[in-house]
Each structure stands twice: as structure tokens, then as C-alpha cells.
Protein chains: 2
Amino acid sequence: MTSGSSKGLEGTATPVGFAHHDHGTCVADGLAAAETRCEKKNLRFTPVRRKVLEILLQEHRALGAYTILDRLRDEGFGSQPPVAYRALDFLVAHGLAHKIERLNAFIACAHPGENHAPAFMICRLCDSVAEAHSVVAKGALGTAARAIGFRIERTVVEAEGVCPNCAEKAPEKVSV
Amino acid sequence: MTSGSSKGLEGTATPVGFAHHDHGTCVADGLAAAETRCEKKNLRFTPVRRKVLEILLQEHRALGAYTILDRLRDEGFGSQPPVAYRALDFLVAHGLAHKIERLNAFIACAHPGENHAPAFMICRLCDSVAEAHSVVAKGALGTAARAIGFRIERTVVEAEGVCPNCAEKAPEKVSV
DNA sequence: ATGAGGAATGTAACGTTATACAATCACATG
DNA sequence: CATGTGATTGTATAACGTTACATTCCTCAT
């Protein structure tokens, strides 16, 4: 969310993550939305799961499972890998978080509630990640897949590069 | 390559990997092309690098670094992880192989020589991988990136699903 | 209420993937 | 031949992820 109140940007291709926004409401809203969603679907939004989502929402970056695990330990939760991985699996399975394959790391979903095939932009300088929507089914890959009879079930679309903020701050590092 | 002799498919969206072809020439051609390419660019196509590419070319699947390492050991090369990773880094850096992020595994490039942003189709039943071309710059993600000033340097586009061969053999497993 | 069954959590050990850093080698130059 | 430079190799370790199993917590039918 770019802010607590709607700014008319939702539903467009405008990604979250590179823009300034009210972070407090951003976290609170995300948690509230998740809670509502879990109630509706009869899912158990347990303390660990809630905490992990909160940790993820506090960043617009992807966090490694072990970073999350460290924070869980600090908060008095279990400290073994499965604790973090199970919560993450739950969040990912129900569309509340995504895995960034390129980074082996996780990020809170920026568009919860929407049925989507997410696409990400990863800044290699500041590590921030923005989420947009991919429409692979309509792109070249979708065409190729249809042509040969490959049935797409899930897609990974991740772009690595330099975000607008970093491009401005460090123009000399902008070119590859 | 679908075969040693041109079948008029190169340059189209037709991916390699799900179709039958002459595998012997496919490996030999790949190695020859790599050799030529390295000579032209003054790169050292050392025995380990050559062997790793040969191993990859023998499959149209992605292989993990440690699988490759095992085969290297069998052939009398070093058996420590960096041996495999360094060769793979070289191949990837020079477009002779690609990493499939979703699988943490590697595959020989199906279109060496072409300057490309690869896209992959991964069959979850038989594990085969086909390479097509992505044109992210022209898709929704490219549009979103341009709109906010994100500069894309590299893309990861991977579709997971069921290949035509498996869909035919095991139709009951085709639906998610 | 209560106890059976399933879901979630905690803990330990293990397996896989990847990189950091030090040492060595090979070659071009003075 | 000595030496500087860059590529390559060796060794150790870090980071990521899974399996196995015991325990606790919910919930729901009795």
C-alpha cells in the first residue's frame, strides 16, 4: 500500500516499494487485511505467522529465512529453521507473501487479496523490491507455451536493476 | 539445437527441449560452437569448463551444481564445490549456460551466440526444461519499469507447469 | 465435560547450495 | 632472470533448506 487512504493507484501497474509512504499504517493495514482474509477462509492466523508477516511488512525488501528466524528468536519464538519456514510456507501458500527466487528470500505481498501472478523489480544497489503484476499468459512466453502445448501453472518473473532512487543518488553506478 | 542440420526453426519462438532430435550432434555442435565463441572472444575454454558444458549438453534438464560435481569427480577433475561453481559461473557469464533460479540448477544454453534474455518452461513431471526468449522490455513489467524509472539490467522469467509429452502420458495429473 | 484426531509448534540433526579467502600458477614485461 | 599482474586452484566455512520426531493446542463429536 502506498498509504492508508486510497490514492487511486491500486489496480494500475504502479508498483509499491520505491515510493515514500506512511509506513506505520502500511504495516498495520497489511496485518489487518491478512487477519480478515484468514478469518474468511477459516485459516489460523497464529502468533508466529502474524509475527513473520509483521517482520516482512516492516521492510520493502526481501528477507532471508534466517534473518526472519533471528528476529523470531528475539521475540521469544522458537529458533529452529522449521519455525520460520513453516510460517513462510503458510504465508506464501495463501498469497500473503512471495518468495523471490533470485534472492532466496521472502517479501510481504503488496497486493493481498488480489488473485495474481506477481512480478518483481529488485534494486541491486539498495536491495529494495517492488511488486507489479505480470501477465505472462499474454506475453511472448505465453505464446510460445500455447504453440507447443505447455501448460503454465505458475510463473517466476523477476527483473534485476537499479531503482529510480538509487539511479539518482549514484548515477555512475547505473550502467552495467 | 533441434538437430545438426537447420530445420528452419531457429529464430522462432519454438523452444528446444520437448522435441525429439539427434542428441549426439546436439552435444557435439554445442561444444564446437562454444569453442569457436571462446576463441573469438579470447576466453580460455579450459578442460573443466568444457567438461561441464558437455555434461549440461547431454541433458535437456537443469542439473544441480553438486550433480555436476559428482560427474566431474568421476572424470578425474577436482571434487570441491568451487570447481563446479567456477566453471558454471564462467559458462553463465558468457552466455553458454543459464541458471534456473527456481530449481537452483543449471542448463546449457539452447541459443548460444544470440544476445538474449532467456525464458524457461519447466515441466514439474519430467523435469525437462525448454528455453524460449522473453521480451520483458515489451511486456507489462517493462511498461511498469519505464513508468517509474526502474532500469532493468537482467531478467528471470520461468514458467512451471506440464510439458506436452507429460500432458499426453498422464492427463490426470495435468490439472493443479 | 471429555477424549479422539488433526493441525501447529518446538527441537535436534542433517543435507544442499554457495562464497570467502588464502595459496599457487602462468605469462608478459623490464 | 626477476617480478608484477591476473587467472586459477585449494581449503574452509557460511547460507539456505529439509527431515524426523516429540509435544502442545484446537476442535468437534460424543
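Throughout, protein chains are lettered first and strands after them, A, B, ... in sequence-line order, and every chain is numbered starting at 1.
- Taking both residues in full, the closest heavy atoms of Ala159(A) and Phe150(B) are given as O-CZ, 4.0 Å, listed atom of the first, atom of the second, then distance.
- Here dT17(C) presents its C1' atom at 15 Å from CG of Leu103(A), a figure rounded to the nearest Å.
- Between Leu88(A) atom CG and dA8(C) atom P the separation is 15 Å, expressed in whole Å.
- When distances run from any side-chain atom of Pro81(A) to the nucleotides dT18(D), dT17(C), dG10(D), the shortest one goes to dT18(D).
- Distance Leu63(A) CG to dA15(D) P: 15 Å, rounded to the nearest Å.
- Rounding to whole angstrom units, NZ of residue Lys41(A) and C1' of dA7(C) are separated by 18 Å.
- You'll find that the side chain of Phe106(B) is closest to dA18(C), out of dA8(C), dA18(C), dT11(D).
- As rounded to whole Å, 14 Å separates atom C1' of dT19(C) from atom CD of Gln80(B).
- Atom pair Arg102(B):CZ and dG17(D):P shows a separation of 11 Å (rounding to whole Å applied).
- Residue contacts shown for Arg44(A) are limited to sugar-phosphate atoms, with no base heavy atom under 4.0 Å away.
- Using a 4.0 Å cut-off on heavy atoms, the residues of residues 64-74 of chain B that approach DNA chain C are Tyr66(B), listed by number.
- Between dT9(C) and Thr46(A), a contact under 4.0 Å exists linking OP1 or OP2 to a side-chain N or O.
- Salt bridge annotation for Glu158(A)-Arg154(B): absent, with no cationic side-chain nitrogen under 4.0 angstrom from a carboxylate oxygen.
- Distance Phe90(A) CZ to dT9(C) C1': 14 Å, rounded to the nearest Å.
- The side chain of Arg86(A) lies closest to dG10(C), out of dG10(C), dT8(D), dT11(D).
- Here the straight-line distance linking atom CG of Leu96(A) with atom CG of Leu88(A) works out to 11.5 Å at 0.5 Å rounding.
- Side chain of Tyr85(B), nearest nucleotide from dT11(D), dG10(C), dT17(C): dT17(C).
- In this structure, Glu101(B) pairs ionically with Arg102(A), as a charged nitrogen and a carboxylate oxygen lie closer than 4.0 Å.
- Phosphate contact (OP1/OP2 of dA18(C), side-chain N/O of Asn104(B), threshold under 4.0 Å): present.
- Ion pairing of Arg73(A) with Asp70(A) is present here, as a side-chain N (NZ or NE/NH1/NH2) and a carboxylate O approach within less than 4.0 Å.
- Side-chain atoms of Glu131(B) and His98(B) form a donor-acceptor pair, as typed in the model, at a separation below 3.5 Å.
- Taking the charged nitrogens against the carboxylate oxygens, Glu59(A) and Arg71(A) do have a contact shorter than 4.0 Å, which makes a salt bridge.
- Side-chain nitrogen and oxygen atoms of Lys99(B) include at least one within less than 4.0 Å of the OP1 or OP2 phosphate oxygen of dA18(C).
- Distance Glu101(B) CD to dT17(C) P: 13 Å, rounded to the nearest Å.
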